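Please read these numbers as outputs of a predicted model, since none were measured by experiment. Sequence lines set the chain letters: A, B, ... in the order given, protein chains first and strands last, and positions in each chain run from 1.
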There are 2 protein chains.
Amino acid sequence: MELKEDPIRVLLADDQALVRGALAALLNLEPDICVVAQAGDGSEVAALAAEHRVQVALLDIQMPIMDGLEAAAILRQRMPECKVLMVTTFDRPGYLRAAFDAGASGFLVKDTPSAALADAVRQVHAGGRVVDPSLAAQSLMGGSNPLTEREREVLSQAQSGAPVAQIAAAMHLSVGTVRNHLSNAIGKTGAANRIEAAHAAHEQGWI
Amino acid sequence: MELKEDPIRVLLADDQALVRGALAALLNLEPDICVVAQAGDGSEVAALAAEHRVQVALLDIQMPIMDGLEAAAILRQRMPECKVLMVTTFDRPGYLRAAFDAGASGFLVKDTPSAALADAVRQVHAGGRVVDPSLAAQSLMGGSNPLTEREREVLSQAQSGAPVAQIAAAMHLSVGTVRNHLSNAIGKTGAANRIEAAHAAHEQGWI
DNA sequence: CGTTGCCCATGACAAGTGTCATGGGCAATT
DNA sequence: AATTGCCCATGACACTTGTCATGGGCAACG
């Protein structure tokens with residue numbers, strides 16, 4: 001079925017060492033796939049990928065210092081021949097668009113069956129695209145991010161409970177302006193509060 | 001090194017199918033460990049454990065319908081000889097106490113090296129206790145949950161952005177009482193807002 | 001060039017929020 | 001029997017928050 005070729009050279013990036021190691025074990029069971037490098041943060045992937053001549057990079061989105069989206073963008077810029085397969089815990093519609101904007105070839109959520117992972121790697125390596133079907137539909141429905149940049153900034157500050165005065169100081173704005181941005185964001189998300197709005201934006205992957 | 005015994009019979013419970021499968025692959029690499037059952041939710045574990053005569057149950061805390069803590073309590077009640085090893089993404093100090101209160105014999109966070117997992121299973125099976133050392137120290141320092149039950153209820157409602165009036169209606173209380181509980185919780189957590197308080201409580205595993 | 005959209009800002013008003021003092025009911029502890 | 005701690009409640013006060021009307025500056029698009 002397969003030509004007798006060298007195994008696909010894969011890099012794994014996930015901040016949780018346990019699942020990173022487990023995914024490596026899972027993929028190494030496949031004879032045509034070989035995990036040649038692992039990273040615990042996005043800032044390491046570009047260098048590791050170059051060093052080990054990686055063909056497919058499997059990146060988690062949530063990582064502490066540099067997230068998977070940023071890492072993907074840098075990686076694609078330096079090694080356009082290296083494919084990226086994004087893996088994430090949360091099925092936020094906004095993430096899908098962001099992933100492909102960053103140059104990813106595939107997108108999986110972590111509750112897809114484990115048997116599908118190896119196939120996804122093969123498809124991506126062969127030049128194909130892999131998208132979680134349920135998420136794809138959801139993403140097309142939802143439309144794209146309606147929030148302006150300022151509204152996003154203000155919301156993400158409000159998320160952690162900062163009062164308006166503090167946000168205004170941090171952004172070098174007047175308190176009135178901050179409240180206007182917040183009010184706009186609340187309206188666009190259909191929420192009643194800043195905090196409901198922040199949650200809604202977070203769930204959509206807008207923030 | 002090991003006596004020639006039957007392999008340890010392990011059950012895996014995690015809501016994310018991908019990491020569940022990956023952990024299974026990792027553990028099945030060990031000759032003396034055998035994953036005999038998997039569950040995607042806590043409500044399934046007790047029945048599965050009984051059916052497959054499981055010796056060690058590896059439970060994630062975060063699961064949709066019934067969480068790992070509840071599942072552990074039920075499991076320990078019905079099969080006292082079955083050990084529980086808790087695995088979680090977040091290192092909230094409060095979780096550790098809750099896990100042992102539920103009858104767990106071990107507690108691991110998901111960013112421990114994957115090589116340590118098999119050893120933890122063996123130790124727990126042998127009747128020992130396994131605790132993430134960094135978390136243990138953190139837990140002893142933090143002390144235990146200072147929030148009363150009502151304060152926790154009120155906080156968890158406030159977390160999602162509900163206004164006081166709505167919380168009061170949901171709990172059949174007067175708005176003044178809700179604000180008192182909130183004010184107390186804010187004081188105890190050293191926060192400035194209800195939302196900061198909710199975050200703090202959440203990070204401590206108090207909520 | 002005019003329009004449109006986003007940014008920034010101000011001021012004012014209604015509603016929601018955090019704090020405090022005060023007090024009654026109840027269960028567990030001393 | 002008295003104390004302590006949690007629950008519940010009320011009312012009042014200062015402060016924060018959400019909304020609205022209004023207006024200027026600026027860049028992009030027709």
Going by modelled atom types, is there a donor-acceptor pair between the base of D:dC20 and the side chain of A:Asn180 at under 3.5 Å?
->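 Side chain to base: pair present.
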Between B:Leu75 and B:Ala49, which heavy-atom pair has the shortest distance, and what is it?
->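 Nearest heavy atoms, B:Leu75 then B:Ala49: CD1-CB, 3.6 Å.
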Shortest non-hydrogen separation from B:Arg92 to B:His202 and the atoms involved =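 Shortest heavy-atom contact: CD-O, 2.6 Å.
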Taking only the side-chain nitrogens and oxygens of B:Arg194, find out if one of them lies under 4.0 Å from OP1 or OP2 of C:dT17.
->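 For B:Arg194, the contact criterion (side-chain N or O under 4.0 Å from OP1 or OP2 of C:dT17) is met.
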A:Thr148 side chain near C:dG5 phosphate (N/O to OP1/OP2, under 4.0 Å) |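 No, because none of the side-chain N or O atoms of A:Thr148 sits under 4.0 Å from OP1 or OP2 of C:dG5.
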Would you check if the side chain of A:Arg194 reaches a backbone N or O of A:Ala158 as a donor-acceptor pair within less than 3.5 Å?
->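 No, A:Arg194 side chain to A:Ala158 backbone: no donor-acceptor pair under 3.5 Å.
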Could you give me the CA-CA distance, side-chain angles and deciding distance for B:Gln62 and B:Thr88, then say whether side chain to side chain contact (heavy atoms under 4.5 Å, CB included) is met?
-> CA-CA 7 Å; B:Gln62 289 83 27; B:Thr88 180; 3.4 Å; yes
List in numerical order all residues of residues 159-179 of chain A for which some heavy atom is under 4.0 Å away from an atom belonging to DNA chain D.
->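 Under 4.0 Å from DNA chain D: A:Pro163, A:Val164, A:Arg179.
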Is a salt bridge present between B:Asp14 and B:Lys110, judged by a nitrogen-to-oxygen distance below 4.0 Å?
->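 The answer is yes: the pair qualifies as a salt bridge.
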Taking CD from B:Glu149 and C1' from D:dC8, how many angstroms apart are they, rounded to a whole number?
->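 Those two atoms, CD and C1', are 15 Å apart.
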Interatomic distance, A:Asn184 CG vs C:dC8 C1' [rounded to whole Å] =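 Rounding to the nearest Å, CG of A:Asn184 and C1' of C:dC8 are 12 Å apart.
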Hey, mind stepping through B:His181 and B:Val178 against side chain to side chain contact (heavy atoms under 4.5 Å, CB included) and telling me if it holds?
-> CA-CA 5 Å; B:His181 287 316; B:Val178 171; 5.7 Å; no
